[in-house]
Amino acid sequence: MADGTETIVTRFAPSPTGYLHIGGARTALFNWAMARRHGKNGKFLLRMEDTDRARSSTEAEQSILEDLAWLGLDWDNEPDVPRQSDPDRLKEYQQKIDQLKAADRAYDHGDGNGAVVFKMPDHDIAFDDIVRGTVTTPAGQIEDFVIQKADGFPTFHLAVVVDDADMGVTHVIRGTDHLTNTSKHIALQQALDLPTPTYAHMSLTVNPDGSKLGKRDKAKAARKAADEWAKINGQEKLLTWLCDAPQRKKQDRQLVEAFLNKENDDVTIAQFVGEALGIHLPEINVRDFRASGYLTDTLVNFLGLLGWNPGGDIEDFGPTPLPFLADHWDIKRLVKADAKFDRDKLASFNADRIKAMPTEKLIDAVWGHEYIRLALHNRFQRGRNDPMFATFCATYQERAKTLNEFEEQGRFLLIEDEDVTYAFDTKNVKKVMLKGEPNGFDALKELKDLLTDLPTEGFGTKTHELIQKLSEDRGTNMGKLAQPLRVAVSGSTVTPPIDATLDILGKQKTLDRIDNCLAQQPQQ
RNA sequence: GCCCCCAUCGUCUAGCCUGGCCCAGGACAUCAGCUUUUCAUGCUGAAGACAGGGGUUCGAAUCCCCUUGGGGGUACCA
């Protein structure tokens with residue numbers, strides 16, 4: 001076994017048919033860790049399994065590479081990641097197929113369409129799996145299988161076996177969905193006289209309901225939201241609301257209808273419906289998690305705990321999760337049972353990491369985050385170094401679970417004054433503004449004059465001090481004044497502390513919003 | 001249908017290989033209390049699991065068998 005001198009070669013071999021799936025990211029991570037654990041003696045290789053010509057694309061290839069890099073993984077065959085569709089590779093596969101046929105281990109498919117079938121041997125096939133122990137497949141259990149398709153391309157089985165041997169792969173860590181395939185692959189290796197790597201079939205990652213974690217979930221979530229909307233507002237209005245609302249980008253009505261009728265699971269339509277209905281679609285691809293504002297380190301740490309753990313009660317991989325994983329990696333600690341993907345825990349991990357971030361790093365992360373960049377850059381015109389932006393970041397650092405939540409929770413600080421809407425008909429706002437003697441509007445009117453006299457510099461802090469003093473003098477709760485002010489600037493009763501809030505907003509905007517609010521006072 | 005795999009709190013898991021230190025530990029979620037001008041944060045506490053049944057043993061979450069439940073495979077996809 002690993003004595004520190006033995007060479008370890010692992011690989012991650014995605015088929016470039018779409019974005020990097022979160023489960024694929026986990027597979028890549030573990031293979032990476034296995035190699036890095038062995039330092040100079042370990043190699044982690046990448047390979048594109050693009051034998052399915054119809055579904056593969058170079059765009060997908062590129063995006064997978066990008067996402068792996070985003071995760072912080074590095075591979076040792078950069079920049080020449082091999083493709084199975086490479087002509088040289090194809091030649092190599094052809095040679096092996098011919099060899100098999102010559103040895104009477106493969107034969108032409110009965111349909112006479114050019115496909116070639118591998119003849120399974122008549123003996124049992126057994127191998128020692130690191131996770132499962134000895135796995136035995138009795139002779140006759142697995143049928144002969146195709147190794148070359150009618151289009152001349154090899155199937156995945158043939159290509160994998162040849163490539164793993166050529167690349168010198170010593171350890172294959174993959175999901176249990178490949179367990180049966182491994183028996184096929186070993187049969188192929190034996191027929192071709194190629195070495196058999198060490199296999200470790202790890203558990204799968206599934207949805208909370210136990211179903212497969214896939215893109216269908218986005219469609220499911222979108223349809224569920226549509227159903228709920230229809231229940232409240234009427235089924236017949238749904239399509240009109242989705243497709244004919246002027247403020248939204250257009251989407252073909254028939255496509256949407258087909259989608260809602262479960263005729264397809266189109267991700268673009270799902271996204272469209274989700275946006276129109278104001279819901280988050282579940283994240284499935286690494287790209288989704290990035291877009292939602294999850295941190296690289298969060299994902300690495302969380303993925304590293306899905307079906308593996310360093311032992312004991314350790315869950316926090318520390319400030320540098322990747323090196324931690326490489327240091328602590330032990331392939332024998334792979335868990336057998338499937339793991340459900342718990343988004344709440346992931347969010348909590350992300351919140352912890354955001355809280356632990358040094359201010360400068362956080363400011364960069366928020367400022368640069370694609371999804372919210374526009375809103376931020378419009379608002380803080382003095383740029384990334386705007387002191388008010390620093391205050392903004394610090395304020396939401398302990399509130400936001402994702403980078404996106406900086407914008408979601410702090411939206412009222414980013415929008416124009418006239419876009420603030422006042423929810424006077426909701427319980428909390430009604431209570432603050434309309435109930436009591438004096439009521440919130442009276443308090444606001446009084447505050448307005450006092451705030452007008454305050455200096456612009458340090459406005460929020462000064463306001464806070466003023467409210468504090470006033471409340472003390474009157475022996476009242478600070479909320480009596482602070483709450484109406486919250487409503488005036490945000491439209492709701494929930495904001496960060498009043499000093500930070502008003503510091504970010506500034507004196508002028510605060511006064512303007514107070515005016516707007518007063519102007520909208522409902523008639524009793 | 002056939003083949004294979006898995007099974008500890010709602011969830012991720014530690015413990016299982018090398019039975020006793022486990023009337024089962026941690027984390028997320030939940031609930032309660034404290035902190036608090038709102039919301040959060042923070043702190044403290046509570047509730048919560050060895051799927052069921054048989055063995056083996058002085059002793060089983062840990063070993064064996066059966067049942068049940070869940071998952072994977074059974075493609076000219078990977």
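These numbers come from the heavy atoms of this one structure, side chains and all, not from hydrogens, waters or symmetry mates.
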Proximity to the side chain of [X] - top-ranked nucleotide from [options]:
{"X": "Asp177(A)", "options": "U37(B), G73(B), C12(B)", "answer": "G73(B)"}
{"X": "Thr155(A)", "options": "A40(B), A78(B), U38(B)", "answer": "A78(B)"}
{"X": "Asn309(A)", "options": "U13(B), U38(B), G71(B)", "answer": "U13(B)"}
{"X": "Arg333(A)", "options": "G15(B), G26(B), A78(B)", "answer": "G15(B)"}
{"X": "Ala482(A)", "options": "A78(B), U37(B), A40(B)", "answer": "U37(B)"}
{"X": "Thr180(A)", "options": "G15(B), G73(B), U38(B)", "answer": "G73(B)"}
{"X": "Lys336(A)", "options": "A14(B), C6(B), C12(B)", "answer": "C6(B)"}
{"X": "Val335(A)", "options": "U13(B), G25(B), U37(B)", "answer": "U13(B)"}
{"X": "Glu315(A)", "options": "C3(B), U38(B), C12(B)", "answer": "C12(B)"}

Whole-Å [atom1] distance, [N] and [M]:
{"N": "G71(B)", "M": "U8(B)", "atom1": "P", "answer": "14 Å"}
{"N": "C23(B)", "M": "U68(B)", "atom1": "P", "answer": "32 Å"}
{"N": "U35(B)", "M": "U13(B)", "atom1": "P", "answer": "38 Å"}
{"N": "G53(B)", "M": "A7(B)", "atom1": "C1'", "answer": "15 Å"}
{"N": "U74(B)", "M": "C58(B)", "atom1": "P", "answer": "48 Å"}
{"N": "U62(B)", "M": "G54(B)", "atom1": "P", "answer": "14 Å"}

Using a heavy-atom cut-off of under 4.0 Å over every strand shown, decide if [X] touches base, sugar-phosphate, or nothing.
{"X": "Thr495(A)", "result": "base"}
{"X": "Gly114(A)", "result": "nothing"}
{"X": "Lys480(A)", "result": "nothing"}
{"X": "Ser348(A)", "result": "sugar-phosphate"}
{"X": "Asp316(A)", "result": "nothing"}
{"X": "Ala150(A)", "result": "base"}
{"X": "Ala337(A)", "result": "sugar-phosphate"}
{"X": "Asn428(A)", "result": "nothing"}
{"X": "Arg343(A)", "result": "nothing"}
{"X": "His464(A)", "result": "base"}
{"X": "Glu49(A)", "result": "sugar-phosphate"}
{"X": "Pro496(A)", "result": "base"}
{"X": "Val432(A)", "result": "nothing"}
{"X": "Arg132(A)", "result": "sugar-phosphate"}

Under 4.0 Å between a side-chain N or O of [X] and OP1 or OP2 of [N]?
{"X": "Lys340(A)", "N": "A7(B)", "result": "no"}
{"X": "Lys184(A)", "N": "G73(B)", "result": "no"}
{"X": "Arg174(A)", "N": "G72(B)", "result": "no"}
{"X": "Thr51(A)", "N": "A78(B)", "result": "yes"}
{"X": "Asn477(A)", "N": "U37(B)", "result": "no"}
{"X": "Lys345(A)", "N": "U11(B)", "result": "no"}

In the strands shown, is [N] matched to any nucleotide by a Watson-Crick or G-U wobble pair with both distances under 3.5 Å, and which?
{"N": "U57(B)", "value": "none"}
{"N": "U68(B)", "value": "A7(B)"}
{"N": "C2(B)", "value": "G73(B)"}
{"N": "C31(B)", "value": "G45(B)"}

**Message:** Would you say the ring centers of Phe156(A) and His185(A) fall short of 6.0 Å from each other?
**Reply:** yes

**Request:** Would you check if the distance from the ring center of Phe341(A) to the ring center of Phe302(A) is below 6.0 Å?
**Result:** yes

**Request:** Starting from the 5' end of RNA chain B, give me the residue, Gly307(A) or His178(A), whose nearest nucleotide shows up first.
**Result:** Gly307(A)

**Message:** Which is more 5' along RNA chain B, the nucleotide nearest Gly312(A) or the one nearest Arg486(A)? Just name the residue.
**Reply:** Gly312(A)

**Asked** What orientation do Phe392(A) and Tyr396(A) show, parallel under 30°, tilted 30 to 60°, or perpendicular over 60°?
**Response** tilted

**Request:** Could you give me the CA-CA distance, side-chain angles and deciding distance for Val131(A) and Lys332(A), then say whether side-chain contact (heavy atoms from CB on, under 4.5 Å) is met?
**Result:** CA-CA 7 Å; Val131(A) 181; Lys332(A) 292 205 279 299; over 6 Å; no

**Asked** With a 4.5 Å limit on heavy-atom distance, are the side chains of Leu299(A) and Phe349(A) in contact?
**Response** no

**Request:** Kindly indicate whether the side chain of Arg105(A), heavy atoms from C-beta on, has any atom under 4.5 Å from the side chain of Gln99(A).
**Result:** no

**Item:** Chi angles and distances behind the side-chain contact (heavy atoms from CB on, under 4.5 Å) call for Asp316(A), Arg353(A)
**Value:** CA-CA 10 Å; Asp316(A) 186 353; Arg353(A) 291 217 169 251; 3.6 Å; yes

To the nearest Å, how far apart are [X] [atom1] and [N] [atom2]?
{"X": "Met478(A)", "N": "U38(B)", "atom1": "CE", "atom2": "P", "result": "10 Å"}
{"X": "Phe156(A)", "N": "C77(B)", "atom1": "CZ", "atom2": "P", "result": "12 Å"}
{"X": "Glu398(A)", "N": "C43(B)", "atom1": "CD", "atom2": "P", "result": "12 Å"}
{"X": "Lys427(A)", "N": "U38(B)", "atom1": "NZ", "atom2": "P", "result": "15 Å"}
{"X": "Leu334(A)", "N": "C5(B)", "atom1": "CG", "atom2": "C1'", "result": "15 Å"}
{"X": "Glu143(A)", "N": "G1(B)", "atom1": "CD", "atom2": "C1'", "result": "13 Å"}
{"X": "His185(A)", "N": "C4(B)", "atom1": "NE2", "atom2": "P", "result": "19 Å"}
{"X": "Leu306(A)", "N": "C28(B)", "atom1": "CG", "atom2": "P", "result": "16 Å"}

**Salt bridge present between Asp499(A) and Lys462(A) (N-O < 4.0 angstrom)** = no

**Request:** Could you walk me through whether Trp329(A) and Trp308(A) pass ring pair (Phe, Tyr, Trp, His ring centres under 6.0 Å), step by step?
**Result:** CA-CA 9 Å; Trp329(A) 178 256; Trp308(A) 186 84; 5.0 Å; yes

**Prompt:** Distance-only, no hydrogens or angles: does the Gln521(A) side chain make a donor-acceptor pair with backbone N or O of Leu434(A) under 3.5 Å?
**Reply:** no

